Amino acid sequence: MNIAEKMQTQLKEEIKAAVLKAGLAAENEIPAVILETPKDKAHGDYSTNMAMQLARVAKKAPRQIAEIIQENIDLSKGSIEKIDIAGPGFINFYMNNSYLTDLVPSVLAAGNRYGESNAGNNEKVQVEFVSANPTGDLHLGHARGASVGDSLCNVLEKSGYDVTREYYINDAGNQIHNLAVSVEARYFQALGQDKAMPEDGYHGKDIIDMGKELAEEFSDKFANMTKEDRYKAFREQGLKYELAKLQKDLADFRVKFDVWYSETSLYENGKIDEALDALRQNGHVYEEEGAVWFRSTTFGDDKDRVLRKQDGTYTYLTPDIAYHKDKFERGYGKVINIWGADHHGYIPRMKAAVEALGINPDQLEVEIIQMVQLYKDGEKMKMSKRTGKAVTMRELVEEVGLDAVRYFFVMRSGDTHLDFDLDLAVSQSNENPVYYAQYAHARISSILRQAAEQGLDVSADADVSLLTAEKEIDLLKKVGDFPQVVAESAEKRLPHRITNYIQELASAFHSFYGAEKVIDKDNEVMSKARLALVKSVQITMKNAFSLIGVSAPEKM
RNA sequence: GCGCCCGUAGCUCAAUUGGAUAGAGUAUUUGACUACGAAUCAAAAGGUUAGAGGUUCGAGUCCUCUCGGGCGCGCCA
């Protein structure tokens with residue numbers, strides 16, 4: 001348990017004890033004590049709404065109850081400096097700051113492990129994200145999904161979950177057929193032959209490049225094959241090429257998947273049939289008009305869904321059901337899918353399928369990432385993957401820089417439509433929030449470098465009780481918040497909380513920096529105390545950056 | 001037509017999932033560099049939380065309706 005948590009537990013117990021002592025309510029009538037950190041620090045370090053909650057039970061006015069609680073609280077037991085009653089009945093606690101002296105040494109000792117907690121109890125969680133079809137370049141929406149998904153995974157890991165990052169490769173189905181014939185057309189075009197692109201083909205630049213590369217490497221080898229062999233070859237080559245590109249682009253984006261899961265493998269190892277059988281055995285499957293249906297309406301879906309088409313092939317849903325069945329069989333307590341908003345209509349049927357397999361559908365969570373709109377020169381840019389007129393993730397990173405892209409995407413909660421202003425993101429000015437935070441880290445690094453040159457080392461036994469100035473206390477408290485911010489970010493699946501926190505931490509540091517001088521030749525004891533503080537800020541900042549996949553530069 | 005999501009400062013977004021006077025960045029205005037990094041700090045100004053009802057001690061947050069925007073609604077994936 002970290003220091004802030006300890007404080008809060010202690011305080012909660014003392015509040016409960018006071019309520020009991022005053023006879024305001026019986027033990028079983030007391031609601032769980034809720035502690036909040038007031039937005040306005042003039043309202044103390046913590047506040048509770050206990051008095052309002054007890055109004056009904058105690059049959060007294062909230063403010064009166066608050067006064068009674070106040071009288072019965074043991075200040076020293078709760079490490080409380082002062083108690084105020086405010087507003088409709090809030091009880092505000094001003095804590096004794098002496099606990100903060102323990103904070104700095106504990107952060108220094110924890111190092112890059114600072115922020116960890118065991119909130120997740122080592123539960124196995126699987127997160128599937130991006131999972132773009134291997135038929136073209138990753139674009140803006142995927143970049144958002146990759147940023148948010150990877151950050152969520154990091155935050156979950158830091159909070160004590162056992163996380164698996166997974167990418168589902170849609171290497172079966174119609175789109176791969178279209179890929180094969182698109183590659184074929186580009187190949188012949190590269191050989192100088194006039195070959196029209198198919199109606200549903202992929203017009204991306206990457207396919208043109210692939211056609212050229214194949215023509216260079218293999219010359220007219222494919223042209224001389226039988227039609228069947230040629231199709232097979234292009235299918236294979238296309239997949240290989242696209243998959244390699246996806247893996248490289250994501251690796252360059254600092255996203256590392258543990259598992260690349262092939263849809264085709266489900267066809268080959270019989271898992272689709274197993275899943276179908278399971279659904280059938282549970283009585284959720286029927287035949288009609290020559291097709292096999294899943295009665296998903298039993299579980300709240302709008303309409304029943306086809307599993308096997310009249311022509312005998314499966315719909316997209318069927319292998320996906322098998323995939324999800326397999327996920328749970330691998331022992332994950334929680335399965336999280338991060339999907340683009342264009343797939344939200346797919347949620348009810350997937351949940352229905354999970355439930356029909358006898359699994360609690362609450363174990364499947366689907367996080368929807370809203371669409372990204374790109375603006376350039378103040379105008380909306382039209383994008384279409386089919387015609388190849390999309391800005392790719394790679395281009396975006398080349399233009400904007402990886403740190404800024406990742407920061408920008410994690411900065412916003414996933415459930416709002418995002419306008420990405422290309423001109424703003426590109427600008428290397430202070431308009432770009434990522435620099436504000438990175439600058440704080442660089443500044444700290446610079447201070448530490450200079451201190452070292454002057455023979456001042458950071459040591460854990462510095463007398464941090466000297467840190468009593470307002471800005472120092474604010475900064476200490478902010479550092480102390482970190483583990484809980486991480487845990488909450490994980491629990492609520494809101495990785496953007498981390499960037500909010502980074503901004504606050506950076507702001508607290510810059511403000512402190514403006515008010516107090518760290519290295520003071522005439523006061524070595526104070527210098528050492530502040531150096532220890534600054535070092536703990538640096539550790540926290542760096543750990544926070546690493547959660548969102550952004551670098552913490554020592555110089556800029 | 002039906003379903004899901006969104007609507008908060010000029011702009012881009014937060015808001016401890018029902019808490020106090022709705023906050024940051026940016027843009028605007030003012031002040032601070034012979035200063036450990038001015039990519040910074042200090043301050044001012046900026047709001048009927050799209051609108052109308054309702055629920056309760058208390059609503060940006062929950063419910064109903066209206067308006068506006070996005071995305072879905074296939075034996076495509």
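Order of the sequence lines fixes the chain letters, A, B, ..., with proteins taken first and strands second; residue numbering starts at 1 for each chain. The shown structure was predicted, so the numbers you read here are calculated from the model rather than taken from an experiment.
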* Asked: Is any side-chain nitrogen or oxygen of A:Tyr407 closer than 4.0 Å to OP1 or OP2 of B:rG25?
  -> no
* Between B:rU28 and B:rG70, how far is it from one P atom to the other, in whole Å? -> 31 Å
* Value rounded to 0.5 Å, distance of CG in A:Asp200 from CG in A:Leu179 -> 13.0 Å
* Asked: Is A:Arg497 touching bases, backbone alone, or none of the nucleic acid, heavy atoms closer than 4.0 Å?
  -> sugar-phosphate
* A:Ser446 near the nucleic acid: base, sugar-phosphate alone, or nothing, with a heavy-atom cut-off under 4.0 Å? -> base
* So what does A:Ala172 touch, heavy atoms closer than 4.0 Å: a base, only the sugar-phosphate, or nothing? -> sugar-phosphate
* To do: State which of B:rA38, B:rC36, B:rC57 makes the closest approach to the side chain of A:Met52.
  => B:rC57
* **Side-chain donor/acceptor of A:Asn92 to base of B:rA20, under 3.5 Å** => yes
* Asked: Base, sugar-phosphate alone, or nothing: which one does A:Asn49 contact when heavy atoms must sit under 4.0 Å apart?
  -> base
* **Lys/Arg N to Asp/Glu carboxylate O, A:Arg530 vs A:Glu516, below 4.0 Å** => yes
* Which part of the nucleic acid does A:Thr315 contact within heavy-atom distance under 4.0 Å: base, sugar-phosphate only, or nothing? -> sugar-phosphate
* Asked: What does A:Gln454 touch in the nucleic acid at a heavy-atom separation under 4.0 angstrom: a base, only the sugar-phosphate, or nothing?
  -> nothing
* To do: Could you give the distance separating B:rG25 and B:rU17 at their P atoms, to the nearest angstrom?
  => 24 Å
* Asked: When we call it a touch if two heavy atoms are under 4.0 Å apart, what does A:Pro62 touch: a base, just sugar-phosphate, or nothing?
  -> nothing
* Using a 3.5 Å limit on both pairing distances, list the dot-bracket string of RNA chain B from the 5' end; Watson-Crick and G-U wobble pairs count, crossing pairs take [ ], interstrand pairs take |. => (((((((..((((.....[...)))).(((((.......))))).....(((((..]....))))))))))))....
* Do A:Ser47 and B:rA20 have a side chain to base donor-acceptor pair shorter than 3.5 Å? -> yes
* Conformer about C1'-N of B:rU48 - syn within 90° of 0, anti elsewhere -> anti
* To do: Give one of base, sugar-phosphate or nothing for A:Lys555, where a contact means two heavy atoms less than 4.0 Å apart.
  => base
* To do: With heavy atoms under 4.0 Å as the rule, sort A:Lys471 into base, sugar-phosphate or nothing.
  => sugar-phosphate
* Hey, which sits more toward the 5' end of RNA chain B by its nearest nucleotide, A:Gly414 or A:Gly290? => A:Gly414
* To do: Looking at every strand, decide which applies to A:Gln310 at a 4.0 Å heavy-atom threshold: base, sugar-phosphate, or nothing.
  => base
* Counting distance only, does the side-chain N/O of A:Asn337 pair as donor-acceptor with the main-chain N or O of A:Glu128 below 3.5 Å? -> no
* Asked: Expressed in whole Å, how much space separates the C1' atoms belonging to B:rU16 and B:rG54?
  -> 27 Å
* Asked: Are any of the side-chain heavy atoms of A:Tyr314 and A:Val292 separated by less than 4.5 Å?
  -> no
* Asked: When the ring planes of A:Phe420 and A:Phe409 are compared, do they come out parallel, tilted or perpendicular, using 30° and 60° as the limits?
  -> tilted
* Just by modelled atom types, is the A:Thr264 backbone N or O under 3.5 Å from a matching donor or acceptor in the A:Ser262 side chain? -> yes
* To do: Can you tell me the distance, in whole Å, between the CE atom of A:Met411 and the C1' atom of B:rA15?
  => 16 Å
* What orientation do A:Tyr439 and A:His510 show, parallel under 30°, tilted 30 to 60°, or perpendicular over 60°? -> parallel
* Asked: Are A:Tyr513 and B:rU40 stacked, counting the six-membered base ring, centres under 5.5 Å, planes under 30°?
  -> no
* Asked: How is A:Leu418 classified with respect to the nucleic acid when contacts are heavy atoms under 4.0 Å: base, sugar-phosphate, or nothing?
  -> sugar-phosphate
* **Touch class at under 4.0 angstrom, heavy-atom based, for A:Ile91 against every strand present** => nothing
* To do: Indicate, with a heavy-atom threshold strictly under 4.0 Å, whether A:Ala442 touches base, sugar-phosphate, or nothing.
  => base
* Describe the nucleic acid contact of A:Glu289 in one word from base, sugar-phosphate, nothing, applying a heavy-atom distance below 4.0 Å. => base
* Look at the side chain of A:His417 against the base of B:rG69 and say whether a donor-acceptor pair falls under 3.5 Å; ignore hydrogens and angles. => yes
* Structure fact -> When A:Asn170 and A:Lys39 are each assigned the nearest nucleotide of RNA chain B, the 5'-most assignment goes to A:Lys39
* Mark yes or no for a side-chain to base donor-acceptor pair under 3.5 Å between A:His344 and B:rG3, with no hydrogen or angle criteria applied. => yes
